[in-house]
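What follows is a single structure, written as C-alpha cells, with notes after it.
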2 protein chains.
Amino acid sequence: MKKSTKDIFKKGSYSVKGSLWIEGDGTRFWGPGPVELLEHIESTGSINQAAKEMGMSYKKAWEIVSRLNSMSKEPMVVTATGGEKGGGSSISVAAKAMIEYHHQLRERFLQFLEAETSSLQEMI
Amino acid sequence: MKKSTKDIFKKGSYSVKGSLWIEGDGTRFWGPGPVELLEHIESTGSINQAAKEMGMSYKKAWEIVSRLNSMSKEPMVVTATGGEKGGGSSISVAAKAMIEYHHQLRERFLQFLEAETSSLQEMI
DNA sequence: AAGCGTTATTCCCGTAAAGATATAACGATG
DNA sequence: CATCGTTATATCTTTACGGGAATAACGCTT
C-alpha cells in the first residue's frame, strides 16, 4: 500500500499558508505591510501617526513610503513639511486604486489557501 | 475618470510572486527548502553531503531534519551513526509521499501566480 | 586498537536587519 | 520671530540569525 498524508501528520491541525507580493526589478514593493500602512496614512493624514498606530518605527514607515514612491510612475504618498500642523501626508488616487486591487488579489489568494487547506485536511 | 493600474507602474516588468508552506502549531515546517533538502538526502544518502550540495551548513540542515522529524507522526529521515561509511541517512516512504504532494501543491500555486501576473500585465 | 566519515551538539563570532536616538528643515500661525 | 508637529536623514546601538569551529559518539573495517 502506498503511503499517503494520512500516515504523516501527528494531528489534524495543519494548514497551507503563504504570503503574496508584487515585485518590480527583483525587489518586493507591494505587499500587506505597505497596503496597511497606506490605509493608516489615509486615515490619520500623517506618516508619523500611522507608524505609531501600527507599532512601527517612523524610519521603517518612511522607508516603505520612499520605496513605494520611487518604484511607481506617480507618487503614492504626497507629503508636506511645515505648515499649519507641522506638515502631513495623504495618499494619491493611484494609491487608493492600488489598495483596492491588492485587496481583491488578496481575497483570491485566501480562497486558494483555504481550498488547499481543506483538501489537505481531507487527506489527513 | 477612475485611476487604474495603467497609471501606476513605471514599466511593465512587474509580477505577482509569493511563497507557500505548511504550518503546524503555528510554525512553518514544510516548504521548498525542506523538500529540496530531502531530495538531496535521498540522492546522496547523507545529510552532510546534501548540505554541501545546497551550499548550506550542516547545522542548518540538521535543524531542518530535526524539526521535520519532531513535527511528523513518523520520521521523515532515518539516520545511522557509525558503520561502514561512518553512517548515513535515508528518507522514509512518508517523506517521498510528502515530496510528491508538495510538488503538486507548488505546481498549482505557480499556476495561480502566473494567472495573476498575466492579468496584472494586462492592466498595465 | 586505530582509523574513518558520519551524525549529534555546543559555543563563539560576524554580519545584516531592525530599532532607538538625535538633529535639521520646513512653513503656517500667533 | 518663536513655536509647533511633521518630514527627512544620519548615526549609533541592539538584536537575530546563520556560519564555522570544536568535540563527542558511533560502529564497521582493517
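Below, chain A is the first sequence line, B the second, and so on; all start at residue 1. Since we're looking at a predicted model, the values are computed, not measured.
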(message) Between D:dG19 and B:Lys59, counting only base atoms on the nucleotide and side-chain atoms on the residue, is there a donor-acceptor pair under 3.5 Å?
(response)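 Such a pair exists between side chain and base.
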Would you say [X] places a side-chain N or O within less than 4.0 Å of OP1 or OP2 belonging to [N]?
{"X": "B:Thr79", "N": "C:dT6", "value": "no"}
{"X": "B:Gln49", "N": "C:dT6", "value": "yes"}
{"X": "B:Ser46", "N": "C:dT7", "value": "yes"}

(request) By nearest nucleotide on DNA chain C, pick out whichever of A:Gly82 and A:Gly55 is the more 5' one. (result)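 By nearest-heavy-atom nucleotide position, the 5'-most residue is A:Gly55.
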(request) Using heavy atoms to find the nearest nucleotide of DNA chain C for B:Ala80 and A:Lys85 separately, return the residue whose nucleotide is more 5′. (result)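 Comparing both residues, the 5'-ward one is B:Ala80.
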(message) Testing the basics here: between B:Lys17 and B:Leu113, what is the closest heavy-atom pair and its distance to 0.1 Å?
(response)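 Shortest heavy-atom separation between B:Lys17 and B:Leu113 comes out as C-CD2, 4.0 Å.
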Please report the distance, rounded to the nearest Å, between [atom1] in [X] and [atom2] in [N].
{"X": "B:Glu84", "N": "D:dT29", "atom1": "CD", "atom2": "P", "result": "5 Å"}
{"X": "A:Asn48", "N": "C:dA22", "atom1": "CG", "atom2": "P", "result": "16 Å"}
{"X": "B:Ile64", "N": "C:dA8", "atom1": "CD1", "atom2": "P", "result": "15 Å"}
{"X": "B:Glu63", "N": "C:dT10", "atom1": "CD", "atom2": "C1'", "result": "12 Å"}
{"X": "A:Met56", "N": "C:dA17", "atom1": "CE", "atom2": "C1'", "result": "14 Å"}
{"X": "A:Lys52", "N": "C:dA20", "atom1": "NZ", "atom2": "P", "result": "13 Å"}
{"X": "A:Ile41", "N": "D:dG5", "atom1": "CD1", "atom2": "P", "result": "20 Å"}
{"X": "A:Tyr58", "N": "C:dA24", "atom1": "OH", "atom2": "C1'", "result": "12 Å"}

(message) If you assign each of A:Trp62 and A:Gly83 to its closest nucleotide in DNA chain D, which residue comes earlier from the 5' end?
(response)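 It is A:Gly83, whose closest nucleotide lies nearer the 5' terminus.
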Can you find a heavy atom in the side chain of [X] that is under 4.5 Å from one in the side chain of [Y]?
{"X": "A:Ile91", "Y": "A:Ile99", "result": "yes"}
{"X": "B:Trp30", "Y": "B:Met98", "result": "yes"}
{"X": "B:Glu114", "Y": "B:Thr117", "result": "no"}

(message) Within the 4.0 Å heavy-atom criterion, would you say A:Ser66 contacts the bases, only the backbone, or no part of the nucleic acid?
(response)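 The residue A:Ser66 makes no contact with any strand.
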(request) Give the nucleotide from the list D:dG19, D:dT6, C:dG19 with an atom nearest to the side chain of B:Ser57. (result)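 From the listed options, D:dG19 comes nearest.
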(request) Measure from the side-chain heavy atoms of A:Lys60 and tell me the nearest of D:dA8, C:dG19, C:dT6. (result)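 So the nucleotide nearest the side chain must be C:dG19.
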(request) First locate atom CG of A:Leu105, then atom CG of A:Leu110, and finally report the distance between them rounded to the nearest 0.5 Å. (result)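 Answer rounded to 0.5 Å: 9.5 Å.
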